[in-house]
S.K.: 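First the structure, which I've put down as structure tokens, then a few questions once you've had a look.
Scope of the values below: all heavy atoms of this structure, side chains included, with no hydrogens, waters or symmetry mates. Proteins come first, then strands; the chains are lettered A, B, ... in the order of their sequence lines, and each starts at number 1.
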Amino acid sequence: MAFPDLTYLESNATLPQDSIMEKGIRIADLFGTESGFVGKKVVVQGWVRTKRDSKAGISFIELNDGSCLRSLQVIAGLERPEYAEVLPKITTGSSLLVEGELTSSPGKGQSVELQADRIQLYGWADPAVYPLQKKRHSFEFLRQIAHLRPRTNTLGAAARVRNRMSFGLHRFFQERGFHYINTPIITASDCEGAGEIFRVTTLDPAQPPADGNPYESDFFARPAFLTVSGQLQAEIYALALGLVYTFGPTFRAENSNTSRHLAEFWMVEPEMAFYDLEDNLRLAQDCIKEMARIMLNECAEDLEFFARFIEPEVRSRLETVAESPFEIVPYTDAVDILKKSGEKFAFPVEWGGDLQAEHERYLTEKVFKRPVGLINFPRSLKPFYMRVNDDEKTVAAMDILVPGTGEIIGGSQREERLDVLLEQMKIKGISPDDYKWYVELREFGSVPHSGFGLGLERLVQFVTGIPNIREVIPFPRTPGHAEF
RNA sequence: UCCCCGGUAGCUCAAUGGCAGAGCGGGUGGCUGUUAACCACUAGGUUGGCGGUUCGAGUCCGUCCCGGGGAGCCA
């Protein structure tokens, strides 16, 4: 047994024969360099999507290993006596190793196929109870079998695209000199977002401390929560390393049941020293454009699938985003445009009020037909940390809206002036004592800085056209749902 | 949390208050370089739960549970 790349202790020098896995080639690599493998003997491993039997001569097995959307057609000649036992057990969902020669295919639908010399069944799947069929399932049904749904075309493609987007985001920021910072999951900052937050405690709710301050006996000796954003901590490192980003899970305990919200989601949050709102907008635009290009260029096969079966518009939207500059619209102008549009909205538009989802969609999908960066919102609508503009009525906030998905980015230039920050905290009813460290950043070497948050799941929804956010995260957490 | 729609076979869905159905999937047999394969036969049901109206309820009423869409919150 030779493992030139591994060193074992003497006692483990020989492993049992059956612990040695054969390493097959990924089906994506077979298709990626088709001509190079034709006529060669290869080993593949994967799961059976379908099998079509020809009692007269051969069986056709569609084998998928998840490396790409396409399955490999395996040809099993029935003349081999050893197949008599294994072929009947090859059912949809079962797992196989197949060895054979890759040949060009005489049939329609695929350029190459594998002539099986040897078939090894890893695990059988009982067709009477295996839930995935050779047909289209509803997303609602697939959510109930989240342990099997990545074996479907749509969910598998979504997982691959999510991976490319995650990697693409890291690459985008790393190429620009950003440092990846891990901000805490558990935090004691409880009022940064107005929304509901998850409590972190080791106390037993069935047996709370009898009296006194319950937190004294709790793990952190104070109230603690799951983070709703890494921004405030990212600012600390931006004011030391210049360009930083966080990329991690985020938690919101809102009782919101929509196709765009999760209780646990992933967010990338860049934070940049010496960036004003315009720099911030430029970076956000470059980032979204780069993600659109990655989808178009590096996920072509999965994109083709989404365009065909999920959302016909997805490709043209991506091309528009990749090519055209974003429309930057001050909030005040947006209100004017909406008021003069003559469009009948369910909610009236008034300066000082939040724009409704219908207003945002109208702007990005009807008026401008491309991504829109809304900036300079009324001060009263936005959190304390956003920088107050010279008019003292608005803050240097920005929301990026994209056609089809709506808000995908929220960000701002941060308030770096100590006196203005303290005034903002007072207006918003936030105690500087609870944010002593945040205030001190303005006392010691404060600089102008900016940042934004980009929701990974919203991004994946945007580039795939998948309508419900619960399909673009492997294990969705929503009110009443934490299975798997 | 609010508004709307829905819950019937493993899945996707039909069924004027009057016999519980189809397609797909499963099983059996047949046929074929097949590819959403095809043909025949066959098994498969507490119509989400509870209560009510009625001679009779999948259908009407009440209530609860679950799911979806929209809204709000936001990523």
Side-chain angles (χ1 to χ4, degrees), chain A residues 49-63 70-78 88 91-93 103 105-110 113 115 125-145 152-153 193-197 227-231 247-269 284 309 345-347 354-358 360-361 381-383 399-402 405-411 452-462 467-470 472-473 478-481:
Chain A
R49 283 294 175 81
T50 85
K51 182 181 68 166
R52 295 176 292 273
D53 283 327
S54 160
K55 293 230 166 36
I58 48 183
S59 260
F60 301 89
I61 303 160
E62 294 280 338
L63 196 71
R70 272 188 283 176
S71 299
L72 180 66
Q73 176 162 277
V74 173
I75 311 295
L78 297 176
T91 54
T92 298
T103 62
S105 174
K108 288 174 188 167
Q110 64 282 320
E113 60 193 23
Q115 307 287 337
D126 184 348
V129 291
Y130 184 63
L132 290 176
Q133 298 173 6
K134 206 166 33 177
K135 57 170 276 192
R136 202 164 179 164
H137 292 284
S138 67
F139 288 135
E140 293 87 337
F141 171 68
L142 292 174
R143 271 174 226 149
Q144 296 164 27
I145 51 167
T152 64
N153 285 334
E196 294 294 314
I197 52 183
T227 183
V228 295
S229 166
Q231 177 205 315
F247 193 178
T250 307
F251 307 88
R252 305 275 165 90
E254 304 284 348
N255 186 12
S256 57
N257 228 311
T258 82
S259 56
R260 303 182 311 283
H261 291 85
L262 291 166
E264 176 182 293
F265 63 99
W266 287 66
M267 185 157 64
V268 62
E269 295 177 284
F309 293 106
F345 295 111
F347 294 87
D354 269 316
L355 294 184
Q356 306 291 318
E358 58 172 343
E360 296 181 344
R361 268 204 306 276
L381 296 180
K382 294 294 184 180
D399 284 357
I400 306 283
L401 317 173
V402 292
T405 304
E407 184 177 342
I408 198 169
I409 280 180
F452 62 81
L454 166 62
L456 176 64
E457 289 78 17
R458 297 241 176 118
L459 173 66
V460 177
Q461 277 190 280
F462 172 62
N468 196 307
I469 200 167
R470 293 163 191 150
V472 297
I473 188 168
T478 53
H481 290 285

S.K.: Do any N or O atoms from the side chain of A:E360 and from the backbone of A:L401 form a donor-acceptor pair under 3.5 angstrom?
M.R.: no
S.K.: Check nucleotides 1-10 of chain B for protein N or O atoms closer than 3.5 Å to its own N or O atoms and list the pairs.
M.R.:
unit_1, atom_1, unit_2, atom_2, d
B:U1, OP1, A:N255, ND2, 2.9
B:U1, O4, A:N255, O, 3.3
B:G10, N2, A:Q133, OE1, 3.0
B:G10, N2, A:Q133, NE2, 2.8
B:G10, N3, A:Q133, NE2, 3.1

S.K.: So, using salt bridge (charged side-chain N to carboxylate O under 4.0 Å, His left out) as the criterion, who are the partners of A:R143 when residues are at least two apart?
M.R.: A:E471
S.K.: Nearest whole angstrom, please: distance from the P of B:C74 to the CD of A:E360.
M.R.: 10 Å
S.K.: Base, sugar-phosphate, or nothing for A:L262, non-hydrogen atoms under 4.0 angstrom?
M.R.: base
S.K.: Using heavy-atom distances to pick each residue's nearest nucleotide on RNA chain B, tell me which of A:N468 and A:T258 is more 5'.
M.R.: A:N468
S.K.: Given atom CG of A:L355 and atom C1' of B:A71, what is their separation to the nearest angstrom?
M.R.: 15 Å
S.K.: Within the structure, does a side-chain N or O atom of A:T250 lie under 4.0 Å from either OP1 or OP2 of B:A75?
M.R.: no
S.K.: How far, in whole Å, is B:U63 from B:C11 if one measures between their C1' atoms?
M.R.: 30 Å
S.K.: Between B:C2 and B:C55, how many Å separate the two P atoms, rounded to a whole number?
M.R.: 38 Å
S.K.: Examine B:A37: is either OP1 or OP2 under 4.0 Å from a nitrogen or oxygen in the side chain of A:R52? Give yes or no.
M.R.: yes
S.K.: Using only side-chain N and O atoms of A:S259, determine if any of them is under 4.0 Å from OP1 or OP2 of B:G70.
M.R.: yes
S.K.: With sequence neighbours left out, what residues match A:Y130 under ring pair (Phe, Tyr, Trp, His ring centres under 6.0 Å)?
M.R.: none
S.K.: Are B:A75 and A:F265 stacked, with the base six-membered ring and the side-chain ring centres under 5.5 Å apart and planes under 30°?
M.R.: yes
S.K.: Any side-chain N or O of A:R361 under 4.0 Å from OP1/OP2 of B:G70?
M.R.: no
S.K.: Using the test ring pair (Phe, Tyr, Trp, His ring centres under 6.0 Å), find all partners of A:H261 that sit at least two apart in sequence or belong to another chain.
M.R.: none
S.K.: So what does A:I408 hit on the nucleic acid, given a heavy-atom distance under 4.0 Å: a base, only sugar-phosphate, or nothing?
M.R.: sugar-phosphate
S.K.: Can you check whether A:R136 has a side-chain N or O nearer than 4.0 Å to OP1 or OP2 of B:C24?
M.R.: no
S.K.: Rounded to whole angstrom, note down the P distance from B:G45 over to B:A9.
M.R.: 11 Å
S.K.: Residues in side chain to side chain donor-acceptor pair (under 3.5 Å) with A:T50, at least two apart?
M.R.: A:R52
S.K.: Taking the P atom of each, how far is B:C24 from B:U35, in whole Å?
M.R.: 15 Å
S.K.: Taking donor-acceptor contacts at under 3.5 Å, does the side chain of A:E358 reach the base of B:G70?
M.R.: no
S.K.: Select base, sugar-phosphate, or nothing to describe what A:E457 touches, counting heavy atoms under 4.0 Å on all strands.
M.R.: nothing
S.K.: Whole angstroms only, please: what is the CD-C1' distance between A:E140 and B:U12?
M.R.: 11 Å
S.K.: Report the residues that fulfil side chain to side chain donor-acceptor pair (under 3.5 Å) with A:N257, sequence neighbours left out, ordered by chain and then residue number.
M.R.: A:R470
S.K.: When the P atoms of B:C38 and B:C50 are compared, how many Å lie between them, rounded to an integer?
M.R.: 40 Å
S.K.: Sequence neighbours left out, what passes ring pair (Phe, Tyr, Trp, His ring centres under 6.0 Å) with A:F60? Give chain and number order.
M.R.: none
S.K.: Going by the rule side chain to side chain donor-acceptor pair (under 3.5 Å), which residues pair with A:Q110 if we only count those two or more places apart in sequence or in a different chain?
M.R.: A:S105
S.K.: Is it the case that the base of B:U35 and the side chain of A:E113 share a donor-acceptor contact (distance under 3.5 Å, atom types as modelled)?
M.R.: no
S.K.: Considering residues at least two apart in sequence or located in another chain, which fulfil the side chain to side chain donor-acceptor pair (under 3.5 Å) criterion with A:E457?
M.R.: A:R162
S.K.: Excluding sequence neighbours, so at least two apart, what forms ring pair (Phe, Tyr, Trp, His ring centres under 6.0 Å) with A:F139?
M.R.: none
S.K.: Taking A:R458 for its side chain and A:E407 for its backbone only, find out whether a donor-acceptor pair lies under 3.5 Å.
M.R.: yes
S.K.: I'd like to know if A:H137 reaches the base of B:C11 with its side chain, counting only an N/O donor and acceptor under 3.5 Å.
M.R.: no
S.K.: Rounded to the nearest angstrom, tell me the gap between atom CD1 in A:I469 and atom P in B:G69.
M.R.: 12 Å
S.K.: May I have the distance from A:F60 (atom CZ) to B:U32 (atom P), rounded to whole angstrom?
M.R.: 13 Å
S.K.: For atom C1', what is the distance between B:A37 and B:U32, given to the nearest Å?
M.R.: 9 Å
S.K.: Tabulate atom names and distances for all N/O pairs under 3.5 angstrom spanning the protein and nucleotides 46-48 of chain B.
M.R.:
none

S.K.: Compare every heavy atom of A:P88 with every heavy atom of A:K51, then report the nearest pair and how far apart it is.
M.R.: NZ-CA, 4.2 Å
S.K.: For B:C64 versus B:G26, give the span between their C1' atoms, rounded off to a whole number of Å.
M.R.: 35 Å
S.K.: Can you give the dot-bracket line for RNA chain B, using ( ) for pairs inside the strand, [ ] for pairs that cross earlier ones, | for pairs with another strand and . for unpaired bases, where Watson-Crick and G-U count if both distances are under 3.5 Å?
M.R.: (((((((..((((....[..)))).(((((.......))))).....(((((..]....))))))))))))....
S.K.: Reckon A:G107 touches a base, only the sugar-phosphate, or nothing at all at heavy-atom distances under 4.0 Å?
M.R.: base
S.K.: Hey, does A:Q461 reach any base, or is it just sugar-phosphate, or nothing, if we go heavy atoms under 4.0 Å?
M.R.: nothing
S.K.: With a 3.5 Å distance limit and no angle check, can you tell me whether A:T92 reaches the backbone of A:R49 through a side-chain donor-acceptor pair?
M.R.: yes
S.K.: Distance check needed: B:G27 P versus A:Y130 OH, whole Å only.
M.R.: 15 Å
S.K.: Donor-acceptor check, side chain of A:Q461 to backbone of A:P467, threshold 3.5 angstrom: yes or no?
M.R.: yes
S.K.: Between B:A37, B:A71, B:C74, which nucleotide gets closest to the side-chain atoms of A:F347?
M.R.: B:A71
S.K.: Over how many whole Å does the gap from A:E269 atom CD to B:C74 atom C1' extend?
M.R.: 13 Å
S.K.: Considering non-hydrogen atoms only, spot the tightest contact between A:G453 and A:E269 and give its length.
M.R.: CA-CG, 3.9 Å
S.K.: Do the side-chain N or O atoms of A:R470 get closer than 4.0 angstrom to the phosphate oxygens (OP1, OP2) of B:G68?
M.R.: yes
S.K.: Starting at atom CD of A:E62, determine the distance to atom P of B:A36, rounded to an integer number of angstrom.
M.R.: 9 Å
S.K.: Quantified in whole Å, what is the P atom distance between nucleotide B:A15 and nucleotide B:G21?
M.R.: 14 Å
S.K.: Do the side-chain N or O atoms of A:R260 get closer than 4.0 angstrom to the phosphate oxygens (OP1, OP2) of B:A71?
M.R.: yes
S.K.: At under 4.0 Å between heavy atoms, what does A:A346 touch on the DNA or RNA strands: base, sugar-phosphate, or nothing?
M.R.: nothing
